[in-house]
Amino acid sequence: MNPIRAIRGMNDILPDEALRWREVEETAARLLASYGYGEVRLPLVEQTDLFRRSIGEVTDIVEKEMYSFEDRHGDSLSLRPEGTAGCVRAAIQQNLLASPCRLWYGGPMFRYERPQKGRQRQFHQIGAEAFGYAAPDIDAELIALSARLWRQLGIDDAVRLELNSIGAPEARARYREALVSYLAQHRDALDADSQRRLESNPLRILDSKDAGTQAVLDGAPALADYLDAEAAADFERLCSLLDAAGIAFVHNPRLVRGLDYYNKTVFEWVTGALGAQGTVCAGGRYDGLVAQLGGKATPGIGFAMGLERLVLLREALGVAPAVTAPDLYVVAVGDAAERVALAETERLRDALPTARIHRHAGGGSFKSQLKKADRSGAPLALVWGDDEVAAGEVVLKPLRGGEQRRLPLGELAAALAETMTQGH
RNA sequence: GUGGCCGUAGCUCACCAGGUAGAGCACCGGAUUGUGGCUCCGGAGGUAGGGGGUUCGAGACCCCUCGGCCACCCCA
């Protein structure tokens, strides 16, 4: 009988790696709170319609990547493929939009894609959304927040900011027409995927990886020339705010977004260190989405970062935290010693609440227990045998050099406190 | 959904004209009746991802399938 395996693309995160995740998550949570973002915890499942109406009917996500199913009442539900839609839904439903508000969330997202480096079917994002701010200063602040996060995570040298404006929907529609009519004349020079996108999603052709297609695009009309006046002015303002804040960026006029709800500002933080899936964080403005989902017209902007990719990047750069050894390893041989050791270890935990104490479990000889103590990486061991128990003492044994000594139980906590502070 | 490479012990990998599996590390035990790290000795651990085919004989060859990695696509 074959053992049951995890679902393809849905990974277990084991202790050593969970430690790295926790550091990223806690750093982000702390920073978001410091910028005034409040955490929201949102359902993993929403009505399928929420995603159809926000992300867009003709996107790959909605067409072929959602985990959708009918519940027992016959309603179509979907595992969330991204976080913004649910956050907007919650903001409308819970009446959070009366005045401007800043929210953040984290958790798993689901897309039925072929797994590869930096891409899995259950992946994890932390996202931030700001509602009710129409002016581009919030765009700059949100980007500054992310830039600060990269510094705190030690990856700022490995990521670059790409920025663009895709304008108002009407301007984009005019541009799309111009682009399609130009590209249609060069249809044969486009790669097969781009030919297909000519009908489905022509703007996505702009960020095609195909060299021939990119060559054709060199002569194409530029999105920047079609921007509405407001978007152009806001973009200029955003660039100057970023300059003033000392945040470097590159204007990538071919940067577009895969989700339909974006307008004006779009941006991505990308790295070359992760292979093909180099986008570590992406976002943009979505001024029409709240109204589109039935709320009072409210501008919005947000971004989402991919936890897997951030963790991978930190590992690649060697800035991930090392696994920490325990401070103390407790060894006890024999029933009486085990009884004393368990009780005394509990008292030690009272006296030294932050100490990482690994009490050996499961018995075994002195030899085997000390071998485990050594392997654990702990600098110190506590050893109990029949002799120590009879004498009311315990052996404090340095594992990285130094002589072991026996001391009365009453002196143990103080001796340990001293030894451990010396070690730090 | 498409393509390339790859699945042998817990891990990293060997063997291979096709003749019914081996090393290092890790694990367990001993040398050392209660003391780790070094050394030596021993032990356990594999239906060679799964299924089918060719063959006297398949881990090696063929097919299917599952899984992994990377890329396309998509995107965090």
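In the text below, chain A, chain B and the rest are named by the order of the sequence lines, each starting its count at 1. Hydrogens, waters and symmetry mates are skipped; everything else that's a heavy atom, side chains included, is used.
For RNA chain B, the neighbouring residues in residues 386-411 of chain A, judged by any heavy atom under 4.0 Å, are A:Asp386, A:Asp387, A:Glu388, A:Lys397, A:Leu399, A:Arg400, A:Gln404. Taking every heavy atom of residues 367-382 of chain A and every atom of RNA chain B, pairs under 4.0 Å involve A:Lys367, A:Ser368, A:Leu370, A:Lys371, A:Lys372, A:Asp374, A:Arg375, by number.
Here B:C74 presents its C1' atom at 12 Å from CD of A:Glu268, a figure rounded to the nearest Å. Rounding to whole angstrom units, CD1 of residue A:Ile7 and P of B:C66 are separated by 14 Å. Remark: C1' of B:U35 and OH of A:Tyr329 are 13 Å apart, rounded to the nearest angstrom.
In RNA chain B, the stems built from three or more successive Watson-Crick or G-U pairs (distances below 3.5 Å) are B:1-7 with B:66-72, B:10-13 with B:22-25, B:27-31 with B:39-43, B:49-53 with B:61-65.
Within the 4.0 angstrom heavy-atom criterion, only backbone atoms of the sugar-phosphate kind lie near A:Val280; the bases stay farther away. Within the 4.0 angstrom heavy-atom criterion, no nucleotide atom of any strand lies near A:Gln122.
Checked by atom type, the side-chain pair A:Glu268/A:Thr279 shows a donor-acceptor distance below 3.5 Å.
Residue pairs satisfying the ring pair (Phe, Tyr, Trp, His ring centres under 6.0 Å) criterion with at least one member in residues 5-36 of chain A, sequence neighbours excluded, are listed as follows: A:Trp21-A:His124. A salt bridge (Lys or Arg N to Asp or Glu O under 4.0 Å) check over residues 56-65 of chain A, counting only residues at least two apart or in different chains, returns the pairs A:Arg52-A:Glu57, A:Asp60-A:Lys64. Annotation: ring pair (Phe, Tyr, Trp, His ring centres under 6.0 Å) contacts involving residues 40-68 of chain A, sequence neighbours excluded, comprise A:Tyr67-A:Tyr112.
Every residue meeting the side-chain contact (heavy atoms from CB on, under 4.5 Å) condition with A:Asp234, not counting sequence neighbours, appears here in chain and number order: A:Pro136, A:Glu230, A:Lys264. Evaluation of the ring-ring contact (aromatic ring centres under 6.0 Å, His included) rule for A:Phe69 yields no partner, not counting sequence neighbours. Considering only residues two or more places apart in sequence or on other chains, A:Trp269 meets the ring-ring contact (aromatic ring centres under 6.0 Å, His included) condition with A:Trp150. Remark: A:Tyr175 pairs with A:Tyr226 by the ring-ring contact (aromatic ring centres under 6.0 Å, His included) rule, at least two apart or across chains. A:Tyr286 pairs by the ring-ring contact (aromatic ring centres under 6.0 Å, His included) definition with A:Tyr261, not counting sequence neighbours.
B:G3 and B:G59 have their P atoms separated by 29 Å, with the value rounded to a whole Å. Of the C1' atoms belonging to B:G19 and B:A58, the separation is 10 Å, rounded to the nearest Å. Distance noted for atom P between B:A23 and B:C15: 15 Å (whole Å). Taking atom C1' on both B:U8 and B:G68, the two are 15 Å apart, rounded to the nearest angstrom. Here the separation of B:C62 from B:G18, taken at their C1' atoms, is 13 Å to the nearest Å. Nucleotides B:G49 and B:G67 have their P atoms positioned 16 Å apart, rounded to a whole Å. The separation of B:U12 from B:C16, taken at their P atoms, amounts to 22 Å, rounded to a whole angstrom.
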Produce the list of close N/O pairs, under 3.5 Å, pairing protein atoms with atoms of nucleotides 70-72 of chain B; give distances to one decimal.
from  : atom 1 : to       : atom 2 : distance (Å)
B:C70 : OP2    : A:Lys117 : N      : 2.7
B:A71 : OP1    : A:Ala276 : N      : 2.8
B:A71 : OP2    : A:Gln116 : NE2    : 2.9
B:C72 : OP1    : A:Lys209 : NZ     : 2.8
B:C72 : N4     : A:Arg119 : NH2    : 3.0

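Taking only side-chain nitrogens and oxygens, A:Arg8 comes nearer than 4.0 Å to OP1 or OP2 of B:G68.
For CZ of A:Arg406, the number of neighbouring non-hydrogen atoms (other residues, nucleotides, ligands) closer than 6.0 Å is greater than 12. A 6.0 Å sphere centred on CD of A:Glu39 holds more than 12 heavy atoms belonging to other residues, nucleotides or ligands.
Heavy-atom distances to RNA chain B give each of A:Tyr112 and A:Ser365 a nearest nucleotide, and the one nearer the 5′ end belongs to A:Tyr112.
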